[in-house]
Amino acid sequence: RLVISCAHCLKSVPALGGLVGLEELVIDSAFDELDVAALPPLPKLRSLTLQSMRLRGLDGLARFPALRQLRLPISSATDPSPLRKLGALEDLHAFAMQAPEYSWLAGMSALTDLELTSSTIVDLSPLEGLARLERLDIAWTRAITDLSPLKGLVQLKALNVDQSLVSDLGPLAGMRALEFLRITDTR
């Protein structure tokens, strides 16, 4: 595990290329801007956390074929299309993602944990085929009104829809695995 935590320290990122066995990388670099394409290939990287920075782009994520967990910073890059190449990703936290659309989620069938808190998602239909999904956090997504696309997610154990416009919980009725439901301050 490597944690890089400093302001303006991303100039040293290319030096990480020699760490081919690295499995977990956390970069907390306040006030810096990062293009993921600047990161060197890390073939065994399983977990990548980028926080307290601005992202210029997500291109380059394909250089991490073993990636299972990805945590993106607030106001991350608006083009999520490189995420489509991460079909084995199990855990995605994209807090406050401002993407124009979310159809790319439909192909992420390995996801078990998805956080889209405060994102711009307006339609949950791309999640319909995510049969392995166990945890979903869509709190503060003011455009979400319909939970019916979640009906078939029989593995779903935890759902947070705080501060949303959801008014009908009927689609959740048959979810036997659901253990945690948070619905405060909804319509």
Side-chain angles (χ1 to χ4, degrees), residues 1-99 101-119 121 126-138 153-158 160 177:
R1 178 175 195 215
L2 176 62
V3 177
I4 299 172
S5 182
C6 64
H8 310 295
C9 63
L10 293 181
K11 294 175 188 79
S12 63
V13 164
L16 299 175
L19 302 174
V20 293
L22 187 64
E23 293 186 10
E24 183 178 354
L25 176 59
V26 176
I27 302 175
D28 183 350
S29 187
F31 311 113
D32 268 347
E33 187 172 85
L34 174 71
D35 189 331
V36 174
L39 293 172
L42 298 167
K44 294 188 178 182
L45 192 68
R46 296 182 56 76
S47 176
L48 176 60
T49 299
L50 305 172
Q51 56 195 33
S52 303
M53 69 180 71
R54 292 177 305 280
L55 285 181
R56 280 196 312 256
L58 295 172
D59 292 327
L61 283 173
R63 292 194 247 180
F64 312 124
L67 200 61
R68 299 296 180 265
Q69 180 183 64
L70 178 61
R71 294 173 187 264
L72 298 172
I74 294 173
S75 301
S76 56
T78 57
D79 178 15
S81 61
L83 293 169
R84 290 182 180 176
K85 298 174 184 167
L86 301 176
L89 197 66
E90 297 169 355
D91 183 341
L92 174 62
H93 287 220
F95 186 87
M97 180 172 267
Q98 304 299 301
E101 56 88 24
Y102 289 81
S103 63
W104 50 273
L105 283 167
M108 303 194 80
S109 59
L111 279 178
T112 59
D113 189 332
L114 177 61
E115 180 178 334
L116 295 172
T117 303
S118 298
S119 71
I121 191 167
L127 308 183
E128 287 176 318
L130 303 184
R132 295 184 62 204
L133 199 62
E134 295 178 3
R135 181 185 167 279
L136 176 61
D137 190 336
I138 51 173
L153 302 182
V154 296
Q155 301 286 338
L156 197 64
K157 294 178 183 176
N160 184 354

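Only a predicted model underlies this, so the values are computations on that prediction, with no experimental measurement involved. Residue numbers count from 1 along this sequence. Only this structure's heavy atoms are used, side chains among them; waters, hydrogens and symmetry mates stay out.
- With rounding to the nearest 0.5 Å, the separation of OG1 in T112 from CG in L156 is 11.0 Å.
- In terms of the salt bridge (Lys or Arg N to Asp or Glu O under 4.0 Å) criterion, residue partners of R84 (sequence neighbours excluded) are, by chain and number, E101.
- Between L42 and L48 the shortest side-chain heavy-atom distance does not fall below 4.5 Å.
- Among all heavy-atom pairs drawn from D59 and P82, the shortest one is OD1-CG, 3.2 Å.
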Quick one, W104 with S81, criterion side chain to side chain contact (heavy atoms under 4.5 Å, CB included). Give me CA distance, side-chain angles, the key distance, then yes/no. CA-CA 7 Å; W104 50 273; S81 61; over 6 Å; no

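- A distance of 6.5 Å separates CG of L111 from CG of L133, quoted to the nearest 0.5 Å.
- Annotation: side chain of M97 is in contact with side chain of L83 (closest heavy-atom distance under 4.5 Å).
- Summarising the geometry of P65 relative to P43, their closest heavy-atom pair is CG-O, 3.9 Å, with the distance given to 0.1 Å.
- Looking at V36, L25, L89 one by one, the single match for side-chain contact (heavy atoms from CB on, under 4.5 Å) with F64 turns out to be V36.
- With contacts defined as side-chain heavy-atom distances shorter than 4.5 Å, the pair L105/L114 qualifies.
- Looking at every heavy atom in both residues, A131 comes nearest to Q155 through O-CG, 3.0 Å.
- By the 4.0 Å N-to-carboxylate-O rule, R71 lies close enough to D91 to be salt-bridged with it.
- Looking at residues two or more places apart in sequence or on another chain, you find no salt bridge (Lys or Arg N to Asp or Glu O under 4.0 Å) involving E128.
- Between the CD atom in Q51 and the CG atom in D28 there is a gap of 4.0 Å [rounded to 0.5 Å].
- E23 pairs by the salt bridge (Lys or Arg N to Asp or Glu O under 4.0 Å) definition with nothing, not counting sequence neighbours.
- Using modelled atom types, no side-chain atom of R46 and backbone atom of K44 make a donor-acceptor pair closer than 3.5 Å.
- The two residues A106 and L130 come nearest to each other via the heavy atoms O-CD2, 4.1 Å.
- Among all heavy-atom pairs drawn from A110 and G87, the shortest one is CB-O, 3.5 Å.
- The backbone N or O of D113 lies less than 3.5 Å from no partner atom in the side chain of E115, so there is not a single donor-acceptor pair.
- Rounded to the nearest 0.5 angstrom, M108 CE and L127 CG are separated by 11.5 Å.
- Here the CG-CG distance, from L70 to L61, works out to 6.0 Å after rounding to the nearest 0.5 Å.
- We find the CZ-CG distance between R63 and L45 to be 12.0 Å, quoted to the nearest 0.5 Å.
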